[in-house]
Amino acid sequence: MNLNLFLSSFVLSLVLLIIPILVPNKMLPKQLMYPKYVKSIVSLSFLISLIPTSMLLYTGQEGMISNWNWLSIQTFSINVTFKLDFFSLVFMSVALFVTWSIMEFSLWYMSSDPNMEKFFKYLLLFLITMTVLVTANNLFQLFVGWEGVGIMSFLLIGWWYGRADANTAAMQAILYNRIGDIGLVSSMAWLSLNFNSMEFQQMFMMSDKINIIPLMGLLLAAMGKSAQFGLHPWLPAAMEGPTPVSALLHSSTMVVAGIFLLVRFYPLMQHNKNILMMSLCLGAITTLFTAMCALTQNDIKKIIAFSTSSQLGLMMVTIGINQPYLAFLHICMHAFFKAMLFMCSGSIIHNLNDEQDIRKMGGLFKLMPFTSSCLIIGSLALTGMPFMTGFYSKDLIIEYANTSYLNAWALTITLLATSLTAIYSTRIIFYVLLCHPRYNPTPKIHENNHYLIKSLKRLAMGSIFAGFIMFNAISPTNMPQMTMPYYIKFSAIIVTILGFTIAMELNFTTYYMKSKYSSKTSTFSNMLGYFPHTMHRLLTKTKLLIDQNLASSLIDLIWMEKTAPKSITNYQLMASNIMSNQMGLIKLYFLSFLMSMSLALFIMF
Amino acid sequence: MSAIYMNMTIAFMASLTGMMMYRSHMMSSLLCLEGMMLSMFVMASLITLNSHYTLSYTIPLVLLVFSACEAAMGLALLVLVSNTYGSDYVQNLNLLRC
C-alpha cells in the first residue's frame with residue numbers, strides 16, 4: 001500500500017547495522033558500552049524490519065530497490081539491487097531476532113574476554129554480509145555476500161587462534177567452502193553467458209532454456225556451504241569457535257545460505273527432474289549419515305552440530321521433492337530452536353567451568369532448572385513435537401514426502417533419520433540432565449545473569465509460538481495434501497516416539513554396565529565414518545606424491561641427468577674398455593706419426 | 001707466395017714436431033698443440049682478409065672455439081692422469097710393466 005514506508009523502513013533497518021562499524025571505539029567511554037550498543041542497534045533493526053515483513057505478509061506486496069550502477073560492459077550491466085520478496089524479508093526478521101538474542105547471550109558468555117568489542121564487531125560484520133547475501137537480486141551481489149560470510153566464519157572459528165585445533169578447523173572451513181565456490185562461480189559464468197544478465201528476474205523468465213550445468217554448479221555450492229555429505233567435515237570441526245559463533249553461524253544463518261541459494265533458484269530447478277533427484281538423494285544420505293555420527297559423539301557441541309547437519313540434509317530433501325517454500329519455512333523455524341540449543345549448551349559449559357564432555361556432566365536437572373527446561377523445549381521442538389515450532393515445517397515435509405512420487409529408499413532413510421534425531425536428543429538430555437553428577441563439585445553453578453535469562457526466554461518463546469504465528473501469517477503457497485491414510489499421517493510422530501522410548505530404555509539399562517572395548521559400529525559412528533581421516537590424508541598425500549614424482553624425479557633426475565650425460569659417459573667407458581688394445585707408448589706412436597707424415601711430404605714435393 | 005705464409009707454415013711445422021717429439025712432460029705436448037692452433041688461426045685470418053672472401057670471415061672464430069674445446073679436453077685428460085699417478089710424466093701411461 002504505502003510504498004514509501006515499505007522501502008524506507010527496509011533501508012533503515014539495513015543502514016542501522018552499518019553504523020556501529022563506522023563509529024570509532026574511543027567515542028564510547030566505559031567498558032561493556034560498545035557491545036551493549038551493538039546489541040541495542042540489532043534489536044532496533046529487528047523491530048524496524050518487522051514493518052516491511054508484516055506489510056508483505058498482509059498485503060502480499062513485494063518490492064525491489066535498484067540503487068547504483070556498479071559496472072556496465074557494453075550490454076551487460078551489474079547494479080546494486082535489493083530484492084524485497086517473501087524470502088528476504090522473513091529471513092531478515094528471523095535472523096535479526098536470533099542475532100539479537102545471541103548478542104545478548106554473548107554479553108554474558110564473552111564477558112571475560114579482553115577482545116569483546118572485536119568479537120561483537122565481527123558478529124555484526126557477519127550479519128551485514130549475510131544480509132547482503134539474502135537480499136541480493138543479482139548473482140554478483142550474492143557472491144559478495146557469500147564470500148563475506150565465508151571470511152567472517154573463518155575469523156570467528158579461529159577466534160582463539162592460539163589453539164592449533166581452532167586454526168585447522170578454520171582452514172578446513174575455508175577449503176570446503178572454496179570447493180563449493182567453484183560450483184557457484186561456474187554457474188555464474190554459464191548464466192551470465194547464456195542469459196546475458198545476472199539479475200534474477202531475467203534469469204527466471206528464461207527458465208525453459210535451462211541446462212543441467214548451472215544447476216549442478218548451484219548444487220555444488222549448496223553442498224559446500226551447507227555441509228552436505230562429501231563436503232561435510234568442516235561443520236563439526238567448526239565447533240572450535242566460541243558458542244555464540246556456533247549458535248549464530250553454524251546453526252541458524254550461515255549454513256542455511258546454501259539451501260537459501262537453492263530456494264532462490266527454484267523457478268529454474270522445479271522442472272528439471274534430474275537435479276531434483278540428485279538433491280533428494282544427497283539430502284537423504286546427508287541426513288542419515290550425520291544423524292548416525294551424532295549417536296556416539298561425546299562433545300555436546302558436536303552432537304548439536306551434527307543435528308544441524310542432519311536438519312540441513314532434511315532441507316535438501318525438501319528441495320528435492322520440489323517444495324522450496326517448505327524448505328524455507330524449515331530454515332526459519334530451525335533457527336529458533338537450534339540457536340537456543342546452542343545457547344543452553346553454552347550456559348552449561350560455562351557453568352561447569354568449560355567442561356564440554358557429556359560423560360562428565362549429569363544431574364543438572366535440579367541444579368539449573370531454567371537451562372534444562374530450555375534444553376528440553378528445544379529438543380522437543382527439534383524432534384517435531386506436535387504444535388511446537390518444528391512441527392509446522394518438519395511434519396509437513398515428512399507428510400509431503402510420504403505422499404509424493406519419489407523413490408522409497410530416500411523416504412525410508414529420511415524416516416530413519418527422524419527417529420535417530422529423537423535418539424540423540426534423548427542422549428543429550430539423559431547424559432546432561434539426569435542421574436547423578438559426574439563432574440567435580442567445585443564449579444559455581446548459577447543462572448542469575450539477566451542477559452542469559454532474557455535471551456534464553458526470548459528464544460524459548462520463539463521455539464514454542466513462532467511456528468504457529470508464522471505458519472498462519474504466510475499466504476498458502478501450494479496445495480497441501482489433505483487426505484492420506486492414518487498410518488502415513490502419524491508416521492513422523494510414531495518413529496519419533498519410538499526413538500525416544502528405545503533411547504531411554506537403552507540409556508537406563510546400560511547405565512551401570514562397563515564395556516571393555518568399543519564395538520566396530522560404535523567406532524565407525526564416533527570417528528565420523530572415517531571420512532575425515534581418509535579424505536584429508538589419503539587424497540592429498542597421493543596427489544602430492546604424484547606431483548613430486550612427475551616434476552622432480554621424472555623430469556629433473558631422469559630426463560635431464562641420466563638420459564643424456566650419464567648414458568654417454570657409461571657408453572664411452574664401456575666401448576673404450578672393450579676396444580683398446582694399445583699399450584700407452586705415447587712417444588712411440590707420436591714418432592711414428594711424424595716419420596710417416598714427413599715421408600709423405602717429402603715424396604709429394 | 002709472400003713471406004708471411006711461408007713463415008706461418010714453418011711455425012706450424014715446428015709446433016707439430018714439438019708436439020710429436022717430447023721428452024717426459026705431457027704438458028709440453030699440449031702447449032705445442034696450442035702453438036699449432038695459433039699459427040693456423042693467423043694464416044686463416046690473413047688469407048681470408050687478403051682475398052676479400054666475405055663468407056669465410058667467420059672461419060677463424062669457429063677455429064678458435066673448437067680449439068678451446070679441445071684444449072679443455074686435453075687438460076681434463078692431463079688432470080685425470082695426474083690424479084692417478086701424481087705427475088704428468090708420459091712414462092706413466094705405459095701399461096706394460098715388466
Side-chain angles (χ1 to χ4, degrees), chain A residues 536-605, chain B residues 1-3 5-37 39-40 43 66 69-98:
Chain A
H536 288 173
R537 296 281 164 166
L538 194 70
L539 266 184
T540 50
K541 193 169 162 191
T542 315
K543 182 185 179 305
L544 286 174
L545 268 179
I546 290 178
D547 294 343
Q548 189 197 17
N549 277 338
L550 267 180
S552 166
S553 298
L554 189 61
I555 295 183
D556 279 348
L557 291 178
I558 296 184
W559 277 110
M560 305 244 247
E561 195 171 310
K562 274 215 167 71
T563 315
K566 288 261 159 65
S567 75
I568 294 181
T569 313
N570 287 339
Y571 177 73
Q572 292 287 342
L573 275 176
M574 184 180 66
S576 63
N577 266 343
I578 292 177
M579 286 180 35
S580 78
N581 49 4
Q582 303 168 2
M583 288 299 124
L585 306 162
I586 300 250
K587 282 209 271 193
L588 194 62
Y589 304 147
F590 275 169
L591 266 174
S592 61
F593 178 73
L594 193 64
M595 283 299 125
S596 45
M597 280 289 287
S598 46
L599 205 60
L601 274 174
F602 184 61
I603 291 182
M604 268 210 304
F605 294 121
Chain B
M1 180 147 124
S2 6
Y5 296 139
M6 193 188 65
N7 212 347
M8 287 297 120
T9 316
I10 291 182
F12 182 79
M13 295 296 180
S15 294
L16 183 68
T17 318
M19 185 178 155
M20 299 291 149
M21 300 165 59
Y22 58 96
R23 278 285 302 261
S24 42
H25 280 279
M26 209 187 311
M27 192 69 173
S28 54
S29 170
L30 292 179
L31 284 169
C32 290
L33 192 64
E34 294 303 306
M36 279 162 69
M37 191 293 301
S39 63
M40 269 205 291
M43 186 135 74
F66 279 115
C69 294
E70 82 189 46
M73 264 199 55
L75 276 174
L77 286 170
L78 185 84
V79 165
L80 268 180
V81 170
S82 174
N83 273 346
T84 323
Y85 291 104
S87 61
D88 65 343
Y89 289 153
V90 75
Q91 64 243 33
N92 287 335
L93 295 178
N94 192 354
L95 294 176
L96 291 171
R97 301 204 173 261
C98 54

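Given the structure is predicted, the values throughout are model-derived calculations rather than measurements. Residue numbers begin at 1 in each chain, while the letters A, B, ... track the order of the sequences.
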Rounded distance (nearest 0.5 Å) linking atom CD of Q91(B) with atom CD1 of I586(A): 12.0 Å
Take a 6.0 Å sphere around CZ of F12(B) and say whether it holds more than 12 heavy atoms from other residues, nucleotides or ligands. yes
Under a 4.5 Å cutoff for heavy-atom pairs, which residue among R23(B), M26(B), M13(B) has the most contacts with chain A? R23(B)
So do L591(A) and M20(B) actually touch side chain to side chain, heavy atoms under 4.5 Å? no
Might you confirm whether atom OH of Y5(B) has over 12 heavy atoms from other residues, nucleotides or ligands at distances under 6.0 Å? yes
Pick one of side chain, backbone, both or neither for S29(B), based on which atoms fall under 4.5 Å of a heavy atom in chain A. side chain
Nearest 0.5 angstrom please: L16(B) CG to F590(A) CZ, how far? 10.0 Å
